[in-house]
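One structure is given here, and the rest of the page talks about it.
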Amino acid sequence: MTTYKELLAQKQMLDQQIADARKIEAKAALANIHALIAEFGFTAQQVFPWKPAAAKAPAKYRDPVSGSTWSGRGKPPKWIADKDRAAFEIQ
């Protein structure tokens, strides 16, 4: 029967072998990816698609009491709901 220390030594050797194999295979995979990108002329946007961050709408209205602002989009806050918005416009 194998002892605890022997099993730990085997585990350490296996962990090292796994790390080495992963490093080799990752290098080969990356070379393959580079070859495919060069062959087909892919752009970074095609390989890693992203959407630019949405720009936040500037404030159009300000509450003189609390200093809160509202862009005029979406549901109006309580301080401006059912009131004339002209009095709250930011000049």
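Residues: numbered from 1 along the sequence shown. What you see is a predicted model, and the numbers here were worked out from it, not measured in a lab.
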Throw together a table of side-chain donor-acceptor distances under 3.5 angstrom for residues 13-26, partners on residues two or more places apart or in other chains.
residue	atom	partner	partner atom	Å
Asp15	OD2	Lys11	NZ	3.0
Gln16	NE2	Asp20	OD1	2.9

Phe88 with Ile90, same ILVMFWY side-chain cluster at under 4.5 Å: no
Side chains of Leu7 and Gln10: does their closest heavy-atom pair fall under 4.5 Å? yes
Atom CG in Leu8, atom OG1 in Thr2: separation rounded to 0.5 Å? 11.5 Å
Side-chain donor-acceptor pairs of residues 43-64 under 3.5 Å, sequence neighbours excluded:
residue	atom	partner	partner atom	Å
Thr43	OG1	Gln46	N	3.3
Thr43	OG1	Gln46	OE1	3.4
Gln45	NE2	Trp50	O	3.1
Gln46	OE1	Thr43	N	2.8
Asp63	OD1	Val65	N	3.3
Asp63	OD2	Ser66	OG	2.8

